[in-house]
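Inspection log for the structure reproduced underneath, given as structure tokens.
This structure is a prediction, so every number in the text was calculated from the model and none was measured.
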2 protein chains.
Amino acid sequence: MSGARNLTAALRRTRVSRPRLVLRPAIPQTLCATARTFSASSTVQAEIRQIKYTSDAYPNLKRDPKFGEVTADDVTYFKDLLGAQSAVVDGVTTDAADDIEPFNSDWMRKYRGHTRLVLKPQNTEEVSKVLRYCNERKLAVVPQGGNTGLVGGSVPVFDEIVINTSRMNQIRSFDSASGVLVADAGVILEVADQYLAERDHLFPLDLGAKGSCHIGGNVATNAGGLRLLRYGSLHGNVLGIEAVLPDGTIVDSLSTLRKNNTGYDLKQLFIGSEGTIGLVTAVSILCPPRPKAVNVAYFGLESFEQVQQAYLAAKGQLSEILSAFELMDGRSQRLVQESTGNKQPIEGEYPFYCVVETSGSNAEHDMAKLESFLENVMGEGIVADGVLAQDETQFQSLWRWREGITESLSHLGGTYKYDVSIPLSELYQLVDDCRERLTQKGFVGDDDSFPVRAVVGYGHMGDSNLHLNVSVRQYNKDVEKAIEPWVYEWIQKRQGSISAEHGLGVAKREFIGYSQNDTMVKLMQQLKSFYDPNGIMNPYKYI
Amino acid sequence: MSGARNLTAALRRTRVSRPRLVLRPAIPQTLCATARTFSASSTVQAEIRQIKYTSDAYPNLKRDPKFGEVTADDVTYFKDLLGAQSAVVDGVTTDAADDIEPFNSDWMRKYRGHTRLVLKPQNTEEVSKVLRYCNERKLAVVPQGGNTGLVGGSVPVFDEIVINTSRMNQIRSFDSASGVLVADAGVILEVADQYLAERDHLFPLDLGAKGSCHIGGNVATNAGGLRLLRYGSLHGNVLGIEAVLPDGTIVDSLSTLRKNNTGYDLKQLFIGSEGTIGLVTAVSILCPPRPKAVNVAYFGLESFEQVQQAYLAAKGQLSEILSAFELMDGRSQRLVQESTGNKQPIEGEYPFYCVVETSGSNAEHDMAKLESFLENVMGEGIVADGVLAQDETQFQSLWRWREGITESLSHLGGTYKYDVSIPLSELYQLVDDCRERLTQKGFVGDDDSFPVRAVVGYGHMGDSNLHLNVSVRQYNKDVEKAIEPWVYEWIQKRQGSISAEHGLGVAKREFIGYSQNDTMVKLMQQLKSFYDPNGIMNPYKYI
């Protein structure tokens with residue numbers, strides 16, 4: 001990488017001629033997930049047909065006989081109700097398998113359902129009528145946004161009706177004085193952020209799937225993402241929600257007020273409920289001013305202890321302008337290097353790398369803070385080497401070493417993915433312990449006789465959120481059994497979370513007990529029964 | 001005020017010799033409320049005896065006959081259970097009226113109950129046993145923290161047992177790497193903040209009553225306060241809660257993780273529930289690093305339009321370092337001047353004044369941003385005049401013009417207080433409209449024949465949160481009737497909130513319909529019945 005090859009040199013250079021600071025570039029993609037746009041091409045169809053049905057992969061899940069089956073009369077009702085031809089994808093009375101399949105499977109090609117009916121209501125009233133009808137007929141449903149989730153939460157398991165929010169895609173209002181955006185659930189995150197960019201504001205959430213995911217889905221899954229350490233969680237930023245309960249009740253709690261202490265904050269229940277108690281139809285959210293300057297640095301470090309020291313230094317010295325502190329281990333960076341063929345930003349090999357980003361309102365001040373921070377961490381021997389992006393191309397290029405990990409892994413075969421919260425001091429220990437365990441069992445090796453290619457770790461250091469990824473040549477039950485429930489027990493011992501930001505869905509539902517005690521699980525089940533007594537909302541998932 | 005008398009001069013001066021920036025001083029007191037420490041002196045007793053009973057002031061409230069009455073056997077049970085002599089204030093079997101009374105009345109001396117029993121459990125297990133017993137015996141209870149609320153929510157109306165959290169006052173843990181504090185509900189906010197100050201962190205909430213209020217009460221009432229625009233709401237910052245349900249169930253959701261997507265975020269229900277579904281016994285909260293530099297400026301402005309322009313400029317230019325933007329009208333500042341005898345910080349009279357505070361990690365950068373902002377708003381003619389604090393004494397002195405309003409009003413007689421959220425553009429219009437209405441009705445005047453002395457407005461501009469105060473020579477039913485429900489109708493028309501941060505309590509419960517629709521109220525009532533089927537938790541209040 002040309003430019004600030006070495007940080008010591010970079011620091012010298014910046015004193016003479018400051019690096020050009022760029023206006024905030026487009027947010028990098030693929031940080032957690034690669035977005036995918038559905039199309040019904042024959043290739044895609046063929047790919048989908050290879051995905052194992054969730055009902056086969058999880059034989060303990062049985063279709064609940066209490067649920068009705070969709071009939072031709074039901075389809076007629078929905079067609080009359082929703083009007084537009086495009087609002088109903090009918091695989092009940094017609095052979096629409098090709099059109100239906102993309103709604104049955106997730107982007108990871110890991111989960112696949114058997115739905116024969118997809119509904120795309122265009123407004124809240126239609127959602128209300130759809131749900132009331134389904135509730136009366138005891139027809140199970142799955143709310144679906146951009147379908148970019150990682151735990152199989154947004155696709156059916158059996159024949160649940162998919163209620164897709166893609167046709168509810170209007171921005172309702174934006175007030176530049178308060179920064180409050182009100183928008184339909186089906187607005188794509190990137191569309192919302194672009195709309196805000198034109199008005200000098202920022203959507204306070206950013207994640208890899210932003211080109212496809214819907215803001216309603218983001219809220220329903222309490223998405224976390226990249227810059228949570230700066231902008232905070234959706235529980236703080238979401239000011240209002242409009243949602244529909246299974247009985248058709250429209251919950252209009254779409255306040256745009258920053259402070260409103262008039263009763264229980266019921267909207268919070270929908271944030272992170274994964275479509276199990278209601279369907280979010282609109283969101284009101286507080287958006288900060290868009291930062292005027294963004295910088296990014298990429299470091300190599302000799303130990304995880306030094307990564308922690310660097311993080312604490314960044315927190316203390318970059319303070320209010322720190323907008324991301326991402327961790328990548330050496331193996332993850334070698335994978336990116338191998339799959340892209342790009343030269344690594346710094347020479348030499350390190351066991352750990354970090355991406356540190358600042359976002360602020362004054363480019364000179366931010367650069368001065370960053371320089372001072374770099375002088376400190378390099379002077380103290382905390383950071384071994386590093387580079388600082390000097391223009392937008394370099395900014396994007398450095399971020400790609402973080403964002404490219406998921407894609408690099410996907411080229412190798414399957415990946416067992418764990419998204420966990422662990423106290424900072426032990427954050428990386430899980431990766432070492434997991435690698436050691438799988439190595440001892442003889443699973444890890446360089447040639448095809450070993451099922452495991454690599455055990456890598458990366459994630460959001462600033463949120464104590466690790467992504468443990470076990471790359472396998474193909475999915476392997478023995479490997480899976482060696483990891484689970486061991487990995488959950490490991491996390492439980494440290495009072496961590498078995499799902500930091502990805503949620504429960506199908507993938508984690510049976511493991512909730514590792515992160516929630518019996519009382520909490522019981523209270524959750526009570527709440528589910530309270531709001532959804534017929535259990536039609538996204539069954540077989542969550543709790 | 002010596003020093004930067006005039007901002008233009010101040011700006012000139014700062015170029016030569018920068019104002020001395022101070023480490024963050026003690027947070028000013030009395031911004032919303034004056035803290036008061038209870039004592040059983042005879043003066044206090046006499047004062048309390050003059051407070052009207054809430055049951056008389058609200059004759060529509062009737063004691064619910066379903067509740068049991070406390071007997072000598074109950075007192076024996078509680079004494080055995082809680083052990084320590086100081087844990088039970090017994091006005092049932094002894095004449096302990098003097099000791100009991102401070103728990104019966106609020107600091108505003110506006111509400112007064114008839115309790116004869118105060119319990120002070122020391123830990124969560126004791127709270128659990130107390131509540132389970134009360135629930136079985138159908139004895140109504142009132143959770144009470146520092147008793148600094150403004151809506152009568154923390155004192156009994158009839159003979160509800162007071163469960164006071166003052167003996168649960170231990171800080172359980174603090175992790176400087178993550179900034180997460182875990183503490184008992186009864187820890188005083190200022191104690192928590194001092195503890196954090198010694199560890200270079202800050203409690204992300206600040207309000208006038210910090211010397212008395214308990215953090216459990218802060219969370220239970222979703223306190224907002226001064227610096228919400230910088231640090232966000234408790235819904236975002238509270239990571240975990242331990243609480244006890246009426247049936248004695250201990251809800252252990254005391255996570256210290258920043259990200260944990262494993263099920264419904266039930267703890268959110270307790271935030272702002274005002275003790276009506278459970279009693280918060282401990283809190284886990286994310287605390288930011290303490291800012292290294294704090295500055296404050298005080299402005300005079302010619303119109304509310306210019307206040308809005310100044311706010312938008314501050315938001316855009318001070319951005320990540322803006323930590324408070326407070327509004328005070330000219331009348332409120334004259335009241336402070338009259339009651340303190342202090343000279344106003346700037347000469348001349350203006351209809352509006354603002355306090356703008358910055359908090360950041362680099363004193364020079366912050367001052368440069370502030371200077372640039374000041375040059376802009378003064379150059380554009382948005383701000384007419386202003387001063388910038390040059391040392392800690394001036395910092396405190398400037399803040400006192402904001403914080404002294406409540407106390408100045410209290411010297412004049414009674415005050416009808418309204419704490420409301422209104423869209424920014426109409427924030428101050430309510431004060432003008434209210435003054436005009438009361439003037440037209442002949443209530444406002446300078447001599448004792450007029451019931452109303454002054455109608456003033458001030459508040460948290462950055463949160464669209466106005467405090468409308470009507471100062472009266474004595475409480476007057478005609479004046480009250482002229483204000484209510486007119487003020488609530490005014491707010492409802494603008495989709496505002498009739499209680500931005502003070503909550504509902506007794507004072508606002510019957511007006512909830514002005515800020516919540518029928519569906520929301522019904523859902524809240526359902527939730528209350530769900531968690532508290534016997535209705536023993538803080539009855540006669542909230543919803």
Side-chain angles (χ1 to χ4, degrees), chain A residues 177-178 221-222 224 232-233 235-237 249-253 257-266 268-269 271-273 289 308 312 315-317 319-321 360-362 365 369 421 424-425 463-465 496-504 512 515-517 519-520 523-524 527 530 543, chain B residues 177-178 221-222 224 232-233 235-237 249-253 257-266 268-269 271-273 289 308 312 315-317 319-321 360-362 365 369 421 424-425 463-465 496-504 512 515-517 519-520 523-524 527 530 543:
Chain A
S178 62
T221 57
N222 189 29
S233 89
H235 286 290
N237 291 319
T249 299
I250 295 172
V251 179
D252 177 4
S253 184
L257 305 169
R258 192 145 184 194
K259 288 179 172 174
N260 182 15
N261 276 353
T262 55
Y264 304 116
D265 197 357
L266 294 177
Q268 299 285 352
L269 290 176
I271 302 175
S273 64
Q308 290 180 75
L312 285 181
K315 197 180 149 191
Q317 293 166 45
S319 194
E320 66 270 12
I321 62 164
S361 60
N362 183 307
H365 292 170
K369 286 190 180 86
S421 285
L424 210 60
S425 61
D463 311 324
S464 263
N465 178 187
S497 170
I498 62 146
S499 187
E501 58 181 7
H502 293 173
L504 294 169
I512 187 173
S515 287
Q516 298 281 357
N517 58 48
T519 304
M520 293 309 294
L523 287 169
M524 289 180 198
L527 199 84
F530 182 62
I543 54 161
Chain B
S178 62
T221 57
N222 189 29
S233 89
H235 286 290
N237 292 320
T249 299
I250 295 172
V251 179
D252 177 3
S253 185
L257 305 169
R258 192 144 184 194
K259 287 178 172 173
N260 182 15
N261 276 353
T262 55
Y264 304 116
D265 197 358
L266 293 177
Q268 299 286 351
L269 290 176
I271 302 175
S273 65
Q308 289 180 75
L312 285 181
K315 198 180 148 191
Q317 293 166 45
S319 195
E320 67 271 12
I321 62 164
S361 60
N362 183 308
H365 292 170
K369 285 190 181 83
S421 284
L424 209 60
S425 61
D463 310 325
S464 262
N465 178 188
S497 171
I498 62 145
S499 187
E501 58 181 6
H502 293 173
L504 294 170
I512 187 173
S515 287
Q516 298 281 358
N517 57 49
T519 304
M520 294 309 295
L523 287 169
M524 289 180 198
L527 199 85
F530 183 63
I543 55 160

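- Ranked by heavy-atom pairs shorter than 4.5 Å toward chain A, the options I543(B), I512(B), I250(B), L269(B) are led by L269(B).
- Looking only at atom types and distance, the side chain of H235(B) has a donor-acceptor partner in the side chain of D265(A) under 3.5 Å away.
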Quiz item: For D252(B) and M520(A), what are the C-alpha separation, side-chain angles and deciding distance, and is it a side-chain contact (heavy atoms from CB on, under 4.5 Å)?
Solution: CA-CA 7 Å; D252(B) 177 3; M520(A) 293 309 294; 5.8 Å; no

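- The residue among G236(B), G360(B), G263(B) with the most heavy atom pairs within less than 4.5 Å of chain A is G263(B).
- For chain B, the nearby parts of E320(A) are the backbone and the side chain; heavy atoms of each come within less than 4.5 Å.
- Remark: side-chain polar atoms of K259(B) are not paired, donor with acceptor, to backbone N or O of S233(A) under 3.5 angstrom.
- Ranked by heavy-atom pairs shorter than 4.5 Å toward chain A, the options S253(B), G224(B), A177(B), P289(B) are led by A177(B).
- Interface remark: S425(A) contributes no atoms to any contact with chain B (heavy atom separation under 4.5 Å).
- Proximity of a side-chain donor or acceptor of N260(B) to a complementary backbone N or O of S421(A) within less than 3.5 Å is not detected.
- Proximity to chain B (any heavy atom under 4.5 Å) is restricted, for T519(A), to the side chain, taken from C-beta onward.
- When each of S497(B), G272(B), G496(B), A500(B) is scored by its heavy-atom pairs under 4.5 Å with chain A, the top score falls to A500(B).
- In this structure, the separation between CZ on R258(B) and CG on N465(A) is 11.0 Å, given to the nearest 0.5 Å.
- The CZ atom of F530(A) sits 8.0 Å away from the CG atom of L523(B) when rounded to the nearest 0.5 Å.
- Counting heavy atoms from C-beta on, the side chains of K369(A) and N362(B) come closer than 4.5 Å.
- Between chain B and the options S464(A), G503(A), S499(A), S273(A), the largest number of non-hydrogen pairs under 4.5 Å is found for S499(A).
- Under the 3.5 Å distance criterion, with hydrogens and angles disregarded, no donor-acceptor pair is assigned to the side chains of Q317(A) and S361(B).
- Taking L266(A), V251(A), L424(A) one by one and counting their heavy-atom pairs under 4.5 Å with chain B, the maximum is reached by L266(A).
- Interface remark: T262(A) contributes backbone and side-chain atoms alike to the contact with chain B (heavy atom separation under 4.5 Å).
- Ranked by heavy-atom pairs under 4.5 Å with chain A, the first of I321(B), I271(B), T249(B), L527(B) is L527(B).
- The part of N517(B) that comes within reach of chain A is its side chain, from C-beta onward, which places non-hydrogen atoms under 4.5 angstrom from that chain.
- Considering only heavy-atom pairs separated by less than 4.5 Å from chain B, the leading option among H365(A), M524(A), Q268(A), K315(A) is H365(A).
- With hydrogens and angles disregarded, no donor-acceptor distance shorter than 3.5 Å links the side chain of N222(A) to the backbone of N261(B).
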